[in-house]
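The analysis underlying the following values was restricted to heavy atoms, covering all of them including side chains, and did not include hydrogens, waters or symmetry mates. To find a chain, count down the sequence lines: A is the first, B the second, and so on, and within it residues start at 1.
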Amino acid sequence: MEYQFRIIEKKWQKNWEEEKIYRVENDYPRPKCYVLDMFPYPSGAGLHVGHPLGYIASDIYARYKRLQGYNVLHPMGFDAFGLPAEQYAIETGQHPAVTTEKNIASFKEQMNNIGFCYDWSREVRTSDPDYYKWTQWIFLQLFQSWYDRNTKKAEPVSRLISIFEKEGNFSQSCPQDESVQFSADQWNAFDEKTKQDVLMNYRLAYCGYGDVNWCEALGTVLANDEVVNGVSERGGYPVVKKRLRQWYLRITEYADRLLEGLQQIEFSEAMKEMQSNWIGKSVGAEIIFPLKAPSRPSPVGKESQPARPRHETAQPSLYPLTKEFAVQNRNNPTHEEKLLWEELRHNKTGFHFRRQHIINSFIVDFACLKKKLTVEIDGGYHKNPDQQFYDKERTKFLLENGYKELRFSNEEVRKNINKVIECIVEELHKLPSVEGKENAGKAFPLGEGLDGASIRVFTTRPDTIFGVDFMVLAPEHELVDQITTPEQSKAMSDYIAYVNSRSERERMAEKKITGCFTGAYAVHPFTGKKIPIWVSEYVLAGYGTGAIMAVPCGDERDHKFARHFNIPITNIIGNYYNGEEANPSKEAVLQHSDFLNGMRMQDAVEVVIRQLEENGIGKRKVNYKMRDAAFSRQRYWGEPFPIIWKDGVAVPLEEKELPLKLPHVEAYKPGPEGEGPLANISGWVNQFSSPSGEGRMGGALETNTMPGYAGSSWYFLRYMDPHNDGEFAERKATDYWNQVDVYIGGTEHAVGHLLYSRMWTKALCDLGYIGFDEPYKKLINQGKITGDSRFVYRVSGTDQFVSHGLKDKYQTDELHVDVNIVDGFVLDTEAFKKWKPDFAGAAFILENGQYICGSAVEKMSKSKYNVVNPDIIVDKYGADTFRMYEMFLGPIEQSKPWDTKGIEGVHRFLKKLWRSFFEQDIFLVNDEEPAENELRILHKTIKKVREDTERFSFNTAVSQFMICVNELAVLNCHKRKILEPLLILLAPYAPHISEELWHQLGNKTSVLNAAFPAFNEQYLKENSINYPVAVNGKTRTEIFFSLDAGQKDMENEVLANETVQKWMNGKSARKIIIVKGRMINVVV
RNA sequence: GCCCAGAUGGCGGAAUUGGUAGACGCGCCAGACUCAAAAUCUGGUUUUCGCAAGAAAGUGCAGGUUCGAUUCCUGUUCUGGGCACCA
C-alpha cells in the first residue's frame, strides 16, 4: 500500500469533524492548558506559507499537551475590523462586511486544509455584534472607571464622586492636569457640566483632543502608513496636522504596573526590554525657567502672531475648567466678599480691580493686575485642610510669580472695612506698576512682554543644570506663538510650516539639524543667565513637557544643534569633554557649576533636586515616555462608541441598549469636519434623539469608531465562553481557563496589542470581573518566512530578456517574475511568455541553454510575485509534510526564507516511516519483543521530542524523528512495541499519517487521545564514554573511559597515549583538565 | 535617529550549561536497480594543501577574557522588526 496522503488526510479530517474530536468543554476538574495564536486579520490576499508558521507551532503544542492529559483550549477567530477592508470598499464599492465574510471563509478553508485542531464552535469575530457588544461594554467599564493612585487600581467613577463630595480632589490628583484642585464645597457647587468635565479628566477612557494626518485633497484622515514624505501615499497630496476630538485610554496610569507585571510573565528578555523602553520610565526633575521679558514691546495683532486676549492670566489648557469655578464663585459671593467688592469695584480705590480672577490655575478673590496685588478673604471654609492646602499652593505660586498677596479675615472685613481698604490702597501705592503696555492692567502673564510666564522642562540630568546653553521648545509648544519676537516671526512661521509637513517618524529619524530661534530668552533659575530659546523638530510635544534644557557638552543632539547654530558651549565636565563631541558620562567632576563644583555628577543629581525644591523652582519628577493610547478612528469599519453627546457631555448608553450596531452604509466618505463616515448618517447618529429618548433629547451619537486593537485586547477571554449573551464571559469559565498558558505571535505586536491587552486585563481585574491581571503567561515570538524572489532582466526598450550571468553586458531593467514559473533559478521560458500578455513576444538571451534568474530574499508579497500558497504545497505533498517542513525550516522565532525544494526531504521521511509499516501491500508490523538497541532509539526519541516540544524547538524534534526512522530502518525494525509509541510521539506533528497507521495497528480510538509514552532513562544508560582528547585546546584523538574511571588512571592513560605524546612533542604536561563525561585537555 | 533581534558550508539549519563546529535535511558528485526515466537504495560532500596518511585555516569584521569561545566581554559592519492611525 502506498502512502496516499491525499486520501488519508481527507478521510481523517472528515472523521475528526464528524466525531467533533476538537470540541473543548469547560471541564472544571481537569487540568487546563490554554494555547493561543495571535488574532489574524483576514486579508483579501489569503494565507501564504509564512502565515501558518505560528499556527502549526501552537497546534503541535496543543496536541502535545492533550496527549499529556490536559484539557486544551486552542481556539481561532478573526480580528475582522480594520482599515484594509474599508480601503478596499472605497476602491471597489464592496461593503467591508461582504469582503470580510469572504476572506474569513477562505482563511478557514486554508486552515482546515492544514489540519489544525481548532474548536471552531468557539470562533469569534470582532465585527460580529454579539462580540462587539462586549467590546462596547468593556469600553463603558473603562469610561465609568478611574485609576486610584493610592490603591493603585481602577475604581468605579461613582466612588470618585463620593470622594469629591466629601473632600474635594486633594487626595486624588487629577491625572490630566495635576494643577486642577478643588475642595468639596467647590465640587458641590459645580453645575453638572462642570462636574462631567472634571470627571472626564479622570476616566480611564476619556475624550480629549489630538492631532491626526489630515489630507484636504482626499478629504480624509490618513494612517501613518498612508503618509509618505509628508504627502499622501495615494495621489501624493499634502497632509497636515488637524486637531480633532479623540478618545483615549489612560494607559499611562498603568505605566508602573505594566512595568512591574513584566517580572511575573515569561516573555523574552528582548520583548520585556522593548516594553519597558516603550513605557520609558525615567526619574529626574522638572525645572521651571522663567521667561525674560524682551526689551521692546511687540506689536499686537500682527498676522504672524494670532492675537490672544491680553488680559489672559489663566493657563489656557485649564481655562475652560477654572472659568466654571470662577463664575460660580462670582455668583455665590460670601457676605464679606460682597462687602469688599462694593468698595473695590468701579476703580473706587483709583486702581482697577477684578474679582474671582484666574491666575494660572488659581482663583484669587480680588486682583489688581497692574500692581500685581491680590487680596484674599479668609472665609469660613478655609479651615478645611484641603482648602488650606490649595491656599498654600496658591500663595506659593503667586509669590514665585511676582505677586503680592494680602489676606484679611472675614471678621476684619465685617468690623472695619475702611481699615482694610486703607491697607490695600497703601500697598498699591508702594508697589511698582507693570510697565510697557497701553493698558498694563490688561496685559498680563501670558505672551511676551509679560513677566510671570515660564517654561517647564523635564530632565533626567538635573546635575547638568549649569551646562544649559539654550532651551528648545517643541514646535507645537503653546508658548512658541507667544514668545516669538516680531523679528523672528516670519522665520518661525516658515519653520513651523515645514515641521507641520513632517511625520513624527521623519522628525525623529532626521539627521539634518533644523531649528529656529524665537528671539526670546529664559532666565537660568540659579545664575540668572540669559538663555536663548529655540524651536526644533527634534523635541516632540508629547514627550515630557515638550521643552528641554539643552546641555551641549553632555548630550549629542544638543551638541550638534549648538555647533550647527553656533551657540557657545559651556563645558562643565572638564577633560571629559573634548570639544568635538558630547560626553553623556555621569562620572565627571563638575566645574563651572556654582554650588556643585567639585562634585561627581551622579552625586550632584540629588543635591540639585533638593535645591530646586527648596527654592520652589522645580521638583523631583517621574516621567514616562509612554503616552495615553489614542482610541478613536475617523473610520467606518470599527466598533461604534456607545456614547451620546448631549450639550457637550458624554452620556453612556445603558447596558441593555448594547450592542450599538454599526449601520449599513453605501459610501465611506468622511464627515464634513473630518469626522468618521458615520457622521453622514443622521438617522443613525440621532437614533436616540426621538421624543421617547427622554433626557438625551437632542443628543447625537459619537461618530468615531474604535481602533483595531479594541477587539483584540480582550478576545482571549471570549473564547472561554463565546456564546454567553449575559456577560462577556462567565466568571467560572475565566477562573478555570485563566491566563493564556502559551501565546504565539510576531514581535511586531510588542508594544501595541500586547500592552493594550495587558492594560485591559488589569482594568478588568481591578474591577473584579476576572481573577488575574496578566493575560499571557508565556509568549513565544514567531519569525517570518520571507519570500525568495526571482528576477528577469529586460534589455531596456526591447522585448529581449537576458540571463542573469550575461546581464552586465546590457543596459537592463530588473523585473520580478512569478516564482511559480521558475525551477530553482531556471526560468520556464514558455510559461513566462504565457504569464503576462506583455511578455508573449519575449525573446531570450540564454547562458548554457538556460535562462537563469536573479534572486533576492524579501518580504512575501503579492506585488513581488514571490508568494507561495500553502494550498498548492498541501496538494502536492500533503498537510503532514507541509506542517513538518515549516517546523523543520529552523527555530520558530527566527525569520527564514521559504524554499519549496527542501520539502522533499521531509516528504521522504514520511514515506520512509510508511515503509516501516508496509512493503507494497504487505503489513510488516510484528509483535516481537524489541531489542535493547531498538529501545534505546525509541527512548532517545521520546526524551528528545518531549524536551524539544516543551521548549518550542520543533526543528530539532523533526530531526530526531528522521534520525529515529533512519536508525530503525537500518535495523530493519518493524516491531509494534517500537512503532506504536513512535506514532503517538509523531501525532502532534503529523496527525493524519499517525492516525492512519495507528488504526492500521488495530486501534479503535483516536491517536489524538492516546497517552504520551513514558520515558525510561534506563535504556539510555552508557557505561563508558569516548572522550575527545585535546592538546593545548586542539582535539587530537579519542579515548574510551568507563564512567567510574579514576582521575589518576585517566591522566596516566592519556599521557601514555601515542597521539598525545606525539603532540606533546617531548614537553611535560603543565596541567591536565578532565571534565567528567565531556572532554580532556592536556596543557603543555 | 532611537529601541530590539540576527549573522555558522553552495542553501535551511545543529551544537540546550564555555568543552569533538557543521547533527538533520536540501542541493551537488559517484554508484546500485532500470532499455530509459521516475521512485528507491548505498557512499561522498566546510575550505586550502596532499595520491594518501595527514596538516593548516575556519562560526559577519577587529580586539579581549579563558587550558578551551559559535557560546562571555568591548568596539564595529550589514540585515530584519518596532517607533504610537497597517494589523
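An anti orientation is assigned to B/G13, its glycosidic angle lying beyond 90° of 0.
In this structure, B/G6 forms a base pair with B/C78, meeting either the Watson-Crick or the G-U wobble geometry with both donor-acceptor distances under 3.5 Å. Pair assignment for B/G50 gives none, since no Watson-Crick or G-U wobble pairing has each distance under 3.5 Å. The base-pairing partner of B/A14, taking Watson-Crick or G-U wobble contacts with both distances under 3.5 Å, does not exist among the strands shown. Both distances falling under 3.5 Å, in either a Watson-Crick or a G-U wobble arrangement, place B/C83 opposite B/G1. Across all strands shown, B/A30 pairs with B/U42; the Watson-Crick or G-U wobble distances both stay below 3.5 Å. Base pairing of B/U65 is not made with any nucleotide, judged by Watson-Crick or G-U wobble geometry with both donor-acceptor distances under 3.5 Å.
Under 4.0 angstrom from either OP1 or OP2 of B/G80 there lies no side-chain N or O belonging to A/Lys859. The side chain of A/Asn966 places an N or O atom within less than 4.0 Å of a non-bridging phosphate oxygen (OP1 or OP2) of B/G25. Proximity of A/Lys241 to the phosphate of B/C85: no side-chain N or O atom is located under 4.0 Å from OP1 or OP2. Phosphate proximity of B/C85 to A/Arg633: present, with a side-chain N or O under 4.0 Å from OP1 or OP2. For A/Arg908, no side-chain nitrogen or oxygen approaches OP1 or OP2 of B/A39 to under 4.0 Å. Residue A/Asn781 places no side-chain N or O under 4.0 Å from the OP1 or OP2 atom of B/A5.
If you check every strand for non-hydrogen atoms under 4.0 Å, A/Met38 touches nothing. Note on A/Gly82: only backbone sugar-phosphate atoms sit closer than 4.0 angstrom, heavy atoms only; bases stay farther off. Nucleic acid contact class of A/Arg627 (heavy atoms, under 4.0 Å, all strands): base. Nucleic acid contact class of A/Pro707 (heavy atoms, under 4.0 Å, all strands): none. Residue A/Pro891 is in sugar-phosphate contact alone, with no base atom involved, counting any heavy-atom pair closer than 4.0 Å across all strands shown. A/Glu269 comes within contact range of no nucleotide atom at all, as no heavy-atom separation falls under 4.0 Å. Within 4.0 Å (heavy atoms only), A/Thr786 reaches no atom of the nucleic acid at all. Among the heavy atoms of the strands lying under 4.0 Å from A/Glu273 are primed sugar atoms or P, OP1, OP2 only; no base atom is included. Among the atoms of the strands shown, none is found under 4.0 Å from any heavy atom of A/Ala750.
At a cut-off of 3.5 angstrom, counting only N and O atoms as typed in the model, there is a donor on one side and an acceptor on the other between the side-chain of A/Lys944 and the base of B/U16. Within 3.5 Å, a donor on the side chain of A/Gln634 pairs with an acceptor on the base of B/C85, or the reverse. The base of B/C3 lies outside donor-acceptor range of the side chain of A/Asn277, with no N or O pair under 3.5 Å.
With rounding to whole Å, A/Tyr624 atom OH is found 18 Å from B/A84 atom C1'. Atom pair A/Met887:CE and B/G12:C1' shows a separation of 14 Å (rounding to whole Å applied). Taking atom CD1 of A/Ile903 as the reference point, atom C1' of B/C11 lies 16 Å away to the nearest angstrom. Taking atom CH2 on A/Trp247 and atom P on B/C85, their separation rounds to 17 Å, with Å as the unit. Rounding to whole angstrom units, CZ of residue A/Phe954 and P of B/G13 are separated by 17 Å. Separating the CH2 atom of A/Trp637 from the P atom of B/A87 is a distance of 13 Å, rounded to the nearest angstrom. Here B/G81 presents its P atom at 14 Å from CD of A/Gln782, a figure rounded to the nearest Å. Between A/Lys625 atom NZ and B/C4 atom C1' there is a gap of 12 Å when expressed in whole angstrom units.
Here, B/U79 and B/C28 have their P atoms 31 Å apart, quoted to the whole Å. The P atoms of B/G75 and B/C2 are separated by 14 Å, rounded to the nearest whole Å. Taking atom P in both B/G81 and B/C29, one finds a spacing of 36 Å when rounded to whole Å. Nucleotides B/C85 and B/U74, compared at atom C1', are 41 Å apart to the nearest Å. Taking the C1' atoms as reference points, B/U8 lies 10 Å from B/A15, given to the whole Å. Taking the C1' atom of each, B/G12 and B/A56 are spaced 29 Å apart, rounded to whole Å. Going from the P atom of B/A62 to that of B/C67 covers 24 Å, rounded to whole Å. A distance of about 9 Å separates the C1' atoms of B/C33 and B/U40, rounded to the whole Å.
Distances were taken from every side-chain heavy atom of A/Leu83 (C-beta onward) to each of B/C86, B/G25, B/U40; the shortest belongs to B/C86. Of the candidate nucleotides B/A84, B/G25, B/G19, B/G19 has the atom lying nearest to any side-chain atom of A/Met1079. Between B/C24, B/A14, B/A39, one nucleotide has an atom nearer to the side chain of A/Lys911 than all others, and that is B/A39. Set against B/C67, B/A84, B/A57, the side chain of A/Lys1034 has B/A57 as its closest nucleotide. Residue A/Asp79 places its side chain closer to B/A87 than to any other of B/U20, B/A87, B/C67. Taking only side-chain atoms of A/Met962, from C-beta outward, the nucleotide of B/C24, B/A56, B/C86 with the closest atom is B/C24. Residue A/Arg915 has its side chain nearest to B/U40 when only B/U40, B/C85, B/G12 are considered. When distances run from any side-chain atom of A/Pro1028 to the nucleotides B/U20, B/G12, B/G25, the shortest one goes to B/U20. Counting only heavy atoms from C-beta on, A/Asn1081 has its side chain closest to B/C67 among B/A23, B/C67, B/A14. Set against B/A55, B/A84, B/U20, the side chain of A/Thr1035 has B/U20 as its closest nucleotide.
When only modelled atom types and interatomic distance are considered, A/Glu904 and A/Tyr877 share a side-chain donor-acceptor pair under 3.5 Å. Side chains of A/Gln960 and A/Asp948: no donor on one and acceptor on the other come within 3.5 Å. A side-chain donor from one of A/Asp558 and A/Tyr538 sits under 3.5 Å from a side-chain acceptor of the other. Defined by atom type and a distance below 3.5 Å, a donor-acceptor pair is present between the side-chain atoms of A/Asp628 and A/Tyr206.
Where A/Val1083 and A/Val1075 meet RNA chain B, the nucleotide closest to each residue was compared, and A/Val1075 sits on the side nearer the 5' end. The residue among A/Lys901 and A/Gly890 whose nearest nucleotide of RNA chain B lies closer to the 5′ end is A/Gly890.
For A/His749 (side chain) and A/Gly746 (main-chain N/O), no donor-acceptor pair under 3.5 Å exists by modelled atom type. Of the possible donor and acceptor atoms, one in the side chain of A/Asn1057 sits under 3.5 Å from a partner among the backbone N and O of A/Val1060.
A salt bridge links A/Lys943 with A/Glu947: at least one charged nitrogen is closer than 4.0 Å to a carboxylate oxygen. In this structure, A/Glu748 pairs ionically with A/Lys784, as a charged nitrogen and a carboxylate oxygen lie closer than 4.0 Å. Using a cut-off of 4.0 Å between Lys/Arg side-chain N and Asp/Glu carboxylate O, A/Arg790 and A/Asp788 are scored as salt-bridged. Ion pairing of A/Arg245 with A/Glu702 is present here, as a side-chain N (NZ or NE/NH1/NH2) and a carboxylate O approach within less than 4.0 Å.
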